[in-house]
A.B. asks: 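For reference, the structure I am asking about is given below.
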4 protein chains.
Amino acid sequence: MKMNNSKVDSLLAGGESGELTDKQKRIVEAAIEMFSEKGFAASSTSEIAKRAGVAEGTIFRHYKTKKELLLAIVTPVMGNLVAPFIVKDLEKVLEKDYEFYEEFLEAMVRNRQAFIQKHLPIVRILVQEIPFHEELRGQFIEHVAKDLYARFANIVSHFQEKGELVQMPPTSVVRLTISSILGFFLARYIFLPEYEWNEEEEIEMTIQFIMNGVKAR
Amino acid sequence: MKMNNSKVDSLLAGGESGELTDKQKRIVEAAIEMFSEKGFAASSTSEIAKRAGVAEGTIFRHYKTKKELLLAIVTPVMGNLVAPFIVKDLEKVLEKDYEFYEEFLEAMVRNRQAFIQKHLPIVRILVQEIPFHEELRGQFIEHVAKDLYARFANIVSHFQEKGELVQMPPTSVVRLTISSILGFFLARYIFLPEYEWNEEEEIEMTIQFIMNGVKAR
Amino acid sequence: MKMNNSKVDSLLAGGESGELTDKQKRIVEAAIEMFSEKGFAASSTSEIAKRAGVAEGTIFRHYKTKKELLLAIVTPVMGNLVAPFIVKDLEKVLEKDYEFYEEFLEAMVRNRQAFIQKHLPIVRILVQEIPFHEELRGQFIEHVAKDLYARFANIVSHFQEKGELVQMPPTSVVRLTISSILGFFLARYIFLPEYEWNEEEEIEMTIQFIMNGVKAR
Amino acid sequence: MKMNNSKVDSLLAGGESGELTDKQKRIVEAAIEMFSEKGFAASSTSEIAKRAGVAEGTIFRHYKTKKELLLAIVTPVMGNLVAPFIVKDLEKVLEKDYEFYEEFLEAMVRNRQAFIQKHLPIVRILVQEIPFHEELRGQFIEHVAKDLYARFANIVSHFQEKGELVQMPPTSVVRLTISSILGFFLARYIFLPEYEWNEEEEIEMTIQFIMNGVKAR
DNA sequence: TATGAATGAGCGTTCATTCAT
DNA sequence: CATGAATGAACGCTCATTCAT
């Protein structure tokens with residue numbers, strides 16, 4: 001009776017796929033919809049249950065509290081938002097898969113854009129709920145501020161040593177790069193998603209913009 | 001018993017100052033605190049009333065619904081977030097108060113930073129609640145996408161004609177400029193307010209970064 | 001609109017009478033009925049509300065939790081179950097209002113019987129819930145074990161010195177006296193209330209029984 | 001995996017021993033613990049299952065309802081609380097195993113004390129739940145009021161005829177005897193179990209007390 | 001104008017019980 | 001025989017809102 005062509009991919013199953021039962025998947029899907037549309041606090045477990053086509057009690061069999069459901073949805077995405085490309089791509093960068101910063105930037109942006117598009121509703125939830133949940137803020141700072149930031153700075157140093165990038169503190173280069181990209185993603189996907197974006201062009205321009213700002217003169 | 005050295009400035013009084021009674025001010029202050037800390041949906045009118053030192057009914061005497069209270073807080077700031085410098089500064093720009101784009105940028109950033117700092121909790125509410133309230137999104141698009149965006153583009157055109165800025169579509173210059181600045185403000189004040197920012201330096205760098213990206217070559 | 005010929009007497013109003021509003025009285029009355037019939041844990045606030053003819057929320061306006069409602073009902077009776085006759089009657093005893101232990105016993109039993117009869121449902125709740133609520137057990141030990149027991153022992157010593165009572169440890173005399181009386185009250189009012197008791201006769205016999213057990217020979 | 005040195009003795013197996021499976025025993029033990037600690041209504045089948053180390057469904061395979069589980073625990077003890085000594089000892093008494101009422105009393109009290117100590121948690125449940133369950137009250141009245149009371153009265157008559165006991169209605173002698181003993185047991189084991197009792201002495205005194213009250217003069 | 005008692009719908013959560021495996 | 005996922009009614013409690021005072 002198990003169906004596996006689910007919309008909820010293996011990210012949420014905690015590593016091994018197929019760990020979520022059919023009903024659990026429907027609960028998670030319904031919760032993602034609701035949380036991202038109305039926010040966590042304004043979403044009721046009873047409506048989530050209705051939308052998932054399960055009894056309300058069933059939610060609490062799988063997730064002790066409503067908040068645990070939120071974290072089960074958001075935590076794995078938070079990790080993967082940042083983790084994978086860092087580990088893999090960091091090696092690629094240092095192993096000269098990318099000869100220029102611009103190349104690396106290009107790859108990174110495309111890769112993260114694909115990820116965000118795929119998990120858009122969850123990313124929305126993440127962004128929207130971070131201010132209200134200590135745990136999320138903690139994880140976010142851990143992953144973004146520590147992991148991503150630190151490793152990114154290494155990459156920047158690498159290209160600075162190659163004489164490709166301007167001699168500015170690496171953390172500032174990182175901050176400006178990330179905030180330009182993030183600024184675009186937030187505008188594009190969170191705050192003004194209905195606006196008609198010429199995505200290809202905007203991304204290209206954003207990268208040029210960053211490069212102009214940080215390349216060695 | 002009326003005190004007038006209130007923290008809630010005349011912005012919220014709807015144009016003419018002194019319109020808000022003492023109790024009304026305390027309600028608004030309490031609501032701002034709570035909404036920005038816990039979010040609109042997770043804030044209860046009963047706790048707002050308690051914090052304001054008024055009866056729960058008093059809130060509803062002044063604001064028909066809880067949502068009306070939210071809008072009363074957020075709407076005037078949304079307007080002023082964008083409106084004033086546009087009207088005034090637009091004239092100034094065109095009247096050559098600012099000879100260079102960089103000068104204008106500098107002035108604008110400082111001015112908006114001061115505004116955001118002054119109204120930080122309300123700006124937080126604004127950013128946090130926009131995704132959940134049609135009205136807010138409507139106002140935001142109206143003010144930002146139409147007013148700010150359009151007028152800003154005029155300014156950019158002005159400097160492009162002077163040969164100071166690169167020949168890129170003005171809307172893209174605007175988008176990149178705004179998203180760099182907004183990216184900084186969001187990181188600085190909303191998502192990582194506890195991080196130790198070297199504000200002066202970051203702003204200067206952000207402006208240089210933008211200028212490198214957009215100035216004519 | 002206030003009526004004061006209520007069944008809930010001033011005991012529960014916290015000392016000054018008339019402190020309980022009309023609805024509060026109805027809530028307390030309904031709760032007493034239900035708690036004593038079905039027990040605290042098996043009584044639902046929704047049914048209490050229905051029986052009291054108020055909205056469920058009204059209960060929680062007056063009592064923060066269901067348990068607080070229980071304590072508000074039971075605490076004052078616990079105090080008065082023991083306190084008043086002790087303070088007053090102790091003086092009376094020592095001031096020779098009662099020349100013989102039997103006389104004192106007689107008065108005490110009658111007085112407490114009247115009290116128990118008047119507050120029977122609450123006393124039932126008290127007896128039934130003591131095993132499950134730390135606070136109640138604490139209060140009970142405080143009042144009964146400490147206050148009543150100690151003062152009662154003084155009275156017994158007094159009559160032992162007069163040569164009226166047997167030379168047994170006063171605490172044992174107290175324990176036997178109380179357990180004989182309590183044994184009767186528990187059987188009569190709690191465990192077998194439907195049995196046809198010849199109350200007058202039983203009390204008389206119980207007192208004689210106690211006297212035979214404790215009087216000096 | 002079956003262990004047979006179980007704490008749940010054959011009393012609960014319904015007469016023939018070995019009828020309870022290992023899991024059943026663990027269910028019953030867990031239920032006894034919980035019912036006596038928190039009361040029947042406040043104990044959940046899910047926690048009983050957890051404590052017993054079985055699935056929740058397993059409980060309902062053996063006991064159709066939660067209440068049936070309660071009755072399965074409490075009924076056999078209720079019977080044995082009263083039945084055995086009556087049947088056997090009644091014969092012993094009449095066959096002059098006990099020459100004096102005091103002797104009989106002594107034996108009975110010791111015997112019942114041992115029984116209560118052994119089954120204390122179940123006796124607690126019994127006492128605590130009697131007020132809330134018709135069936136229990138019915139059984140209690142049946143066993144105590146009819147069986148015990150009636151047979152006990154016969155014994156008293158027997159000693160009255162021997163001229164050993166005062167000429168009081170036998171039922172009153174019984175009532176006073178039982179309530180003195182019960183009063184002690186309730187205080188000792190139910191209401192003030194933590195108090196430091198000098199058990200031996202108290203029992204001796206209680207018996208003397210009763211004898212003084214009922215022996216012929 | 002300000003109050004706060006009152007409301008009843010709705011909240012997140014737990015419950016005893018069922019039943020397909 | 002045993003399981004534990006699933007149920008949906010009921011739980012204690014909070015909510016935004018109303019209204020008589």
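Letters A, B, ... mirror the listed sequences (proteins, then strands); counts begin at 1.
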A.B. asks: If I compare all heavy atoms of B:Tyr63 with all of B:Glu68, which pair ends up nearest, and what's the gap?
C.D. replies: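 In this case the closest contact between B:Tyr63 and B:Glu68 is CA-OE2, 3.6 Å.
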
A.B. asks: Given that B:Ala55 and C:Gly53 both sit by DNA chain E, which one's nearest nucleotide is further toward the 5' end?
C.D. replies: B:Ala55

A.B. asks: Answer yes or no: does a side-chain N or O of C:Thr58 lie under 4.0 Å from OP1 or OP2 of E:dT7?
C.D. replies: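 So the side-chain polar atoms of C:Thr58 do come within 4.0 Å of the phosphate oxygens OP1 or OP2 of E:dT7, strictly under.
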
A.B. asks: How long is the line joining OH of A:Tyr63 and P of E:dT14, in whole Å?
C.D. replies: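 So the OH-P distance, A:Tyr63 to E:dT14, works out to 16 Å.
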
A.B. asks: Any non-hydrogen side-chain atom of A:Gln128 less than 4.5 Å from a side-chain atom of A:Phe35?
C.D. replies: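 No - every pair of side-chain heavy atoms lies 4.5 Å or more apart.
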
A.B. asks: Could you check if a side-chain atom of C:Thr21 sits within less than 4.5 angstrom of a side-chain atom of C:His62, using non-hydrogen atoms only?
C.D. replies: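 Yes, close enough: below the 4.5 Å cut-off.
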
A.B. asks: So which protein nitrogen or oxygen atoms get under 3.5 Å of nucleotides 14-18 of chain F's nitrogens or oxygens?
C.D. replies:
from: F:dA16; atom 1: OP1; to: B:Ser43; atom 2: O; distance (Å): 3.2
from: F:dA16; atom 1: OP1; to: B:Lys66; atom 2: NZ; distance (Å): 2.9
from: F:dA16; atom 1: OP2; to: B:Thr45; atom 2: N; distance (Å): 2.8
from: F:dA16; atom 1: OP2; to: B:Thr45; atom 2: OG1; distance (Å): 2.9
from: F:dT17; atom 1: OP2; to: B:Lys66; atom 2: N; distance (Å): 2.7

A.B. asks: Expressed in angstrom and rounded to an integer, what is the separation of B:Gln24 atom CD from E:dT3 atom P?
C.D. replies: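 From B:Gln24 CD to E:dT3 P: 12 Å.
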
A.B. asks: Please state how far atom CG in A:Leu20 lies from atom P in F:dA5, giving the value in whole angstrom units.
C.D. replies: 13 Å

A.B. asks: Short question: side chain of D:Arg51, backbone of D:Ala31 - any donor-acceptor pair under 3.5 Å?
C.D. replies: no

A.B. asks: Searching all strands shown, indicate the nucleotide that pairs with E:dT21 (Watson-Crick or G-U wobble; both distances under 3.5 Å).
C.D. replies: F:dA2

A.B. asks: May I ask you to verify if any side-chain N or O of D:His62 is less than 4.0 angstrom from the OP1 or OP2 atom of F:dA2?
C.D. replies: yes

A.B. asks: What's the NZ-P distance between A:Lys25 and F:dA5, to the nearest Å?
C.D. replies: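 Answer to the nearest Å: 16 Å.
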
A.B. asks: Of C:Glu47 and A:Lys23, whose closest DNA chain F nucleotide lies nearer the 5' terminus?
C.D. replies: A:Lys23

A.B. asks: Just one of D:Glu129, D:Glu134, D:Glu135 clears the salt bridge (Lys or Arg N to Asp or Glu O under 4.0 Å) bar with D:Lys67, so which one?
C.D. replies: D:Glu135

A.B. asks: Under a 3.5 Å cut-off for both contacts, is F:dA16 paired Watson-Crick or G-U wobble with anything, and if yes, with which nucleotide?
C.D. replies: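 Its partner is E:dT7.
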
A.B. asks: Could you state the CD1-P distance from C:Ile27 to E:dT7, rounded to the nearest angstrom?
C.D. replies: 8 Å

A.B. asks: For A:Lys38 and E:dG10, give me the distance from atom NZ to atom P, rounded to whole Å.
C.D. replies: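 These atoms are roughly 12 Å apart.
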
A.B. asks: Starting at atom CD1 of D:Ile59, determine the distance to atom C1' of F:dC1, rounded to an integer number of angstrom.
C.D. replies: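 Atom CD1 in D:Ile59 sits about 15 Å away from atom C1' in F:dC1.
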
A.B. asks: Would you call B:Lys50 and B:Glu47 a salt bridge, taking side-chain N to carboxylate O under 4.0 Å as the test?
C.D. replies: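 Salt bridge: no.
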
A.B. asks: Output the rounded distance in Å from CD1 (A:Ile48) to P (E:dG10).
C.D. replies: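 Going from A:Ile48 (CD1) to E:dG10 (P), I get 16 Å.
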
A.B. asks: Is there a donor-acceptor contact under 3.5 Å from the side chain of A:Arg26 to the main chain of A:Gly53?
C.D. replies: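 Such a contact is found between A:Arg26 side chain and A:Gly53 backbone.
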
